[in-house]
2 protein chains.
Amino acid sequence: MKDSPEDQIVNAILDAIAEQRLPAGTKLGEQALSDLFSCNRANVRRALASLAAQQVVELRPNRGAFVMTPSPKEARDIFQARRAIERTIARHASGQASAEDIAFLRDNILEEAEARKAGDKPAELRASRQFHMRIAQIAGNLVLERFLSELTMRSTLILGLYSPTGSSSCAEDEHDRIVDALAAGATDELVRLADEHLRHLEAGLNFDEPPAAPMSLREQLMAPRSTPNAK
Amino acid sequence: MKDSPEDQIVNAILDAIAEQRLPAGTKLGEQALSDLFSCNRANVRRALASLAAQQVVELRPNRGAFVMTPSPKEARDIFQARRAIERTIARHASGQASAEDIAFLRDNILEEAEARKAGDKPAELRASRQFHMRIAQIAGNLVLERFLSELTMRSTLILGLYSPTGSSSCAEDEHDRIVDALAAGATDELVRLADEHLRHLEAGLNFDEPPAAPMSLREQLMAPRSTPNAK
DNA sequence: TTGTCATTTATTGTTAACAATATTTGACAA
DNA sequence: TTGTCAAATATTGTTAACAATAAATGACAA
């Protein structure tokens, strides 16, 4: 059961984006990737085509592949779609959660809180994402699960761009109450909480100041310092 | 504004599937495609990777690419997801349709009816699909629009597999009433009609007899006749 | 005839070389 | 210094050849 090199690349990039290690706008050079994963460029190319089909990567002809930079309008669309899908998921998950599911989710909340306290952003984001995805699994619809997977990925990019650092992830007590409703089989309550939860997340965004300029790998390493130019 | 060869292939295949000219299970050979579109295999490969990411094509390692054959369980998931998404779309489209939108939709209904009378299945399917997609455009959410595009594509495959030939497409009077509700801005009514419409479509499926065996291009041309074997 | 197996053929997977296109660099002039 | 332009470099796009794998063919034996 070994993954094809192409899947490896796709998954590695998706993971990196989900944990905000790859910010929006980062250039994904073919050479760099084929070196990293020690495979030929053909595989890299196919992987990038897959990611582009999922709208996670933008393919500019003759320029290369870049991590997608969602516009404010796209951000709105994505969160709107997320609400529609997560509400549906909540409705179908209600009453379907096993004891292990509930245990997993409670444990996951602790994990996220710890990561937040420790200042480990990647771990925090990973836990938060797992929370939402686990509920999707409970709902048992693979199509909705895949859609949500794509949307959480893009949400992470949005948070990285438009979130006044810090408010970027979910309020943990909301997760708490969601598990309570899920365990109690309170469908309407669960749907309401899911919707509210996402509205809060979206409300924390700030589109006023333009997103930080797209970075290349070079610029990330050049240490911007305090731009020593001026008059 | 010319399409890249890769996009051409992707769109040609999507169109063919949407009009049921390419049935589920058809093998998509790399050579055949690169000949058809007179491009190199690298482009074909990337196109197939994109289609696989959209779950419209299945990639079997060392075997090639095949038009996806949705299982009954997948069919259920797909229609469930479609209801969730089209309901949301209906809600957002309500009150947003321009006069041209309504005119287009009314015209589209006629077109579909004519195609049906003429026995032109591809034209009928194309019109029906356009109907749903136009409403998605009115709703103005590109994410939901793309999701629906993928789901209608896969729905067509499902209808081709599990529909007792004939009932395969939408009841036209339902489309009529949907346009009425859309034009009147009757949101709740519109959502209800959309949901019902999809339930009717799904109810017409029959999973009892197994889907026709996966076809290769050869078998499609060999003229199956009445299998002259027996005792 | 019918089933099995080795051989042949076709198809997919991989790699490398080359062409076309951007990007960077550095020289030069204002 | 600052702006512009040409040369140099790096990156993406295309193509062809080869290797690995699966499918089809045909010979052979029962």
Just by distance, do the side chain of B:N40 and the backbone of B:N43 share a donor-acceptor pair under 3.5 Å?
-> yes
Answer yes when A:R76 and A:E202 have at least one side-chain N-carboxylate O distance shorter than 4.0 Å, and no when they do not.
-> no
A:H197 vs A:H175 aromatic rings, parallel, tilted or perpendicular, using cut-offs 30° and 60°?
-> perpendicular
Output for pair (A:I138 CD1, A:I89 CD1), nearest 0.5 Å, gives 10.5 Å
B:R63 side chain near D:dA23 phosphate (N/O to OP1/OP2, under 4.0 Å) | yes
Send over the distance from A:R60 CZ to D:dT11 C1', rounded to a whole Å.
-> 14 Å
Could you state the CG-P distance from A:L59 to C:dT21, rounded to the nearest angstrom?
-> 17 Å
For the pair B:Q20 (side chain) and B:L125 (backbone), establish whether a donor and an acceptor sit closer than 3.5 Å, ignoring hydrogens and angles.
-> no
Nucleotide of D:dG13, C:dT14, C:dA22 approaching A:E30 most closely (side-chain heavy atoms) = D:dG13
Do NZ/NE/NH1/NH2 and the carboxylate oxygens of A:E150 and A:R146 come within less than 4.0 Å?
-> no
Taking for each residue the nucleotide of DNA chain C with the nearest heavy atom, is it B:G64 or A:C39 whose nucleotide lies nearer the 5' end?
-> B:G64
Are OP1 or OP2 of D:dT15 and a side-chain N or O of B:N40 less than 4.0 angstrom apart?
-> yes
Hey, does B:N62 reach any base, or is it just sugar-phosphate, or nothing, if we go heavy atoms under 4.0 Å?
-> sugar-phosphate
Whole-Å distance between D:dT11 P and A:L48 CG?
-> 15 Å
To the nearest Å, how far apart are A:Q31 CD and C:dT15 C1'?
-> 14 Å
Examine the base of D:dG13 for any acceptor or donor lying under 3.5 Å from a partner atom in the side chain of A:R41, and report the outcome as yes or no.
-> yes
Below 4.0 Å: OP1/OP2 of D:dA22 and any side-chain N or O of B:K27 = no
Taking Watson-Crick and G-U wobble contacts under 3.5 angstrom, with | marking pairs to another strand and [ ] crossing pairs, the secondary structure of DNA chain D is written ||||||||||||||||||||||||||||||
In chain order, what residues pass the side chain to side chain donor-acceptor pair (under 3.5 Å) check against B:R129, with sequence neighbours excluded?
-> B:S149, B:T152
Within this structure, what is the CG-to-C1' distance between B:D7 and D:dG13, rounded to whole angstrom?
-> 15 Å
Value in whole Å for how far the P atom of C:dG13 lies from CG of A:N43 = 10 Å
Report the distance from atom CZ of B:R46 to atom P of D:dG13, rounded to the nearest whole Å.
-> 6 Å
Of the candidate nucleotides D:dT15, D:dT14, C:dT12, which contains the atom at the shortest distance from the side chain of B:R45?
-> C:dT12
